[in-house]
Protein chains: 2
Amino acid sequence: MKVQKEKFFNFLSRKRLKNTNQRVVILEAFLRQKSHLSTEDFYRQLRKKHPGIGYATVHRTLKLFAECGIAAERNFGDGQMRFEVSREDEHHDHLVCTACSRIFEFENQQIEQLQREVAQTYNFQISDHRLELYGLCSDCRPQTTSAPQGASPANL
Amino acid sequence: MKVQKEKFFNFLSRKRLKNTNQRVVILEAFLRQKSHLSTEDFYRQLRKKHPGIGYATVHRTLKLFAECGIAAERNFGDGQMRFEVSREDEHHDHLVCTACSRIFEFENQQIEQLQREVAQTYNFQISDHRLELYGLCSDCRPQTTSAPQGASPANL
DNA sequence: TTGTATTTTGATTTCCGTTTTCAATTTCTA
DNA sequence: TAGAAATTGAAAACGGAAATCAAAATACAA
């Protein structure tokens with residue numbers, strides 16, 4: 001967390017932006033939150049402790065986080081922008097439960113490697129990627145795991 | 001294309017929906033189009049030949065296509081919904097050029113297999129997935145390929 | 001410190017794509 | 001062919017992101 005804070009403050013001074021109370025509060029709340037919150041949800045949560053802070057400020061500050069690299073914007077196709085703390089080194093992908101909306105993270109180096117190979121085939125220079133698996137998490141899936149997949153024909 | 005048409009008409013009668021002129025026109029235009037068009041772009045293109053058709057109808061009909069399985073909704077994070085013809089058998093993923101916005105398709109069974117393995121690890125029942133690689137296509141990337149990556153620090 | 005230029009804030013409005021509404025029209029069934 | 005039911009298209013409503021703007025806060029120089 002230290003690292004991220006420094007990174008943000010460096011970013012501010014580099015860009016000659018001002019270090020305000022609100023920004024500090026939002027930064028700390030952001031680094032403390034665990035899940036992939038939408039701006040709206042994050043704002044609502046923040047508001048409990050800091051009723052004075054406006055939505056616009058939260059929105060703008062999250063954008064700043066993304067710009068300076070301590071936040072990653074995520075979009076799981078539900079029309080809400082989500083932010084998560086992004087760590088220097090690691091990259092992860094997501095399992096999204098379509099029933100309970102919980103989001104799980106995973107990391108798989110083999111997949112990453114194959115992606116690089118695909119890109120190379122197309123002579124494509126990757127700057128980012130997204131991989132999401134949608135379905136039912138272990139709590140939400142019907143029962144045990146014996147049936148062969150393909151029971152619900154409408155889904156891709 | 002025959003297959004998709006039948007599928008749609010079957011869907012209509014199964015749901016006791018009516019087979020209108022507009023739907024036929026939109027269906028044929030949709031099956032004919034190649035790229036990943038947004039509703040807006042598709043509508044504009046359609047309008048050249050069929051000025052009478054309204055946006056709402058196009059939108060609703062594309063949704064029907066998606067519901068009956070002959071279209072897949074795509075969202076590349078630019079705030080536009082896109083539709084593509086989806087074929088029974090194959091699944092593909094996308095390379096999205098961040099410079100020229102062109103979209104390339106690829107298929108990789110190894111990645112698909114690894115995804116299934118990841119899901120199994122989490123006891124997750126996959127119903128869908130999305131994988132997109134963002135970056136510069138061969139036409140848009142700076143030059144040749146000799147430099148080690150990491151020149152632009154701000155990008156993930 | 002204080003003065004002052006500059007940035008930031010927060011309430012509100014604007015934007016923009018998606019979705020709904022509703023009266024008029026079309027389709028389907030008996 | 002009549003009548004019930006679904007569809008159409010124009011327009012309005014919606015929802016989240018982003019912009020606006022006057023008032024407030026900040027940083028820097030003297």
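Protein chains get the first letters and strands the later ones, always in sequence-line order, with residue 1 at the start of each.
- Glu132(B) and His94(B) form no side-chain donor-acceptor contact under 3.5 Å, judged by distance and modelled atom types alone.
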Practice problem: Report the C-alpha distance between Gln33(A) and Phe42(A) in whole Å, list the side-chain angles of each, state the deciding distance to 0.1 Å, and finish with yes or no for side-chain contact (heavy atoms from CB on, under 4.5 Å). | Solution: CA-CA 8 Å; Gln33(A) 62 99 21; Phe42(A) 178 65; 4.2 Å; yes

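- Counting distance only, with no hydrogens placed and no angle test, the side-chain atoms of Lys18(B) and the base atoms of dA5(D) include a donor-acceptor pair under 3.5 Å.
- Put simply, CZ on Phe42(A) is 17 Å from C1' on dA17(D), counting in whole angstrom units.
- The nearest heavy atom of DNA chain D to Ala56(B) and to Arg23(B) marks one nucleotide each, and the one closer to the 5' end goes with Arg23(B).
- The distance from atom CG of Leu12(B) to atom C1' of dT29(C) is 17 Å, rounded to the nearest whole Å.
- When distances run from any side-chain atom of Leu17(B) to the nucleotides dT9(C), dT7(D), dG9(D), the shortest one goes to dT7(D).
- Nearest to the side-chain atoms of Thr20(B) among the listed nucleotides dT8(D), dA19(D), dT8(C) stands dT8(D).
- In summary, Arg82(A) and Asp41(A) do not engage in a salt bridge, as defined by a charged side-chain N under 4.0 Å from a carboxylate O.
- Relative to the side chain of Tyr55(B), the nucleotides dT26(D), dT19(C), dG9(D) differ in distance, and dT19(C) lies closest.
- The listed nucleotides are dT8(C), dT18(C), dT20(C); the one nearest the side chain of Met81(B) is dT18(C).
- Comparing atom distances between the His59(B) side chain and each of dT8(C), dC28(C), dT18(C) picks out dT18(C) as nearest.
- Looking at Lys2(B) and Glu6(B), no side-chain N of the basic residue comes within less than 4.0 Å of a carboxylate O on the acidic one, giving no salt bridge.
- No N or O donor and acceptor, one from the side chain of Arg16(A) and one from the base of dT8(C), sit under 3.5 Å apart.
- Taking only distance into account, the side chain of Lys63(B) never meets the base of dT19(C) through a donor-acceptor pair shorter than 3.5 Å.
- Remark: C1' of dG16(D) and CG of Leu37(A) are 16 Å apart, rounded to the nearest angstrom.
- When the P atom of dG17(C) is taken as reference, atom CG of Asp78(A) falls 19 Å away, rounded to whole Å.
- Across Glu40(B), Gln45(B), Arg47(B), a single residue satisfies side chain to side chain donor-acceptor pair (under 3.5 Å) together with Tyr43(B), and that is Arg47(B).
- When the C1' atom of dA25(D) is taken as reference, atom CD1 of Ile53(A) falls 14 Å away, rounded to whole Å.
- If Pro51(A) and Asn19(B) are placed on DNA chain C by their nearest nucleotide, the residue sitting closer to the 5' end is Pro51(A).
- Taking atom CZ of Phe83(A) as the reference point, atom C1' of dA17(D) lies 10 Å away to the nearest angstrom.
- The nearest whole Å value for the distance from the CZ atom in Arg60(B) to the P atom in dT21(C) is 11 Å.
- Map Gln22(A) and Gln80(B) each onto its nearest nucleotide of DNA chain C; the residue landing nearer the 5' end is Gln22(A).
- Atom CD1 of Ile26(B) is separated from atom C1' of dG9(D) by 11 Å (rounded to the nearest Å).
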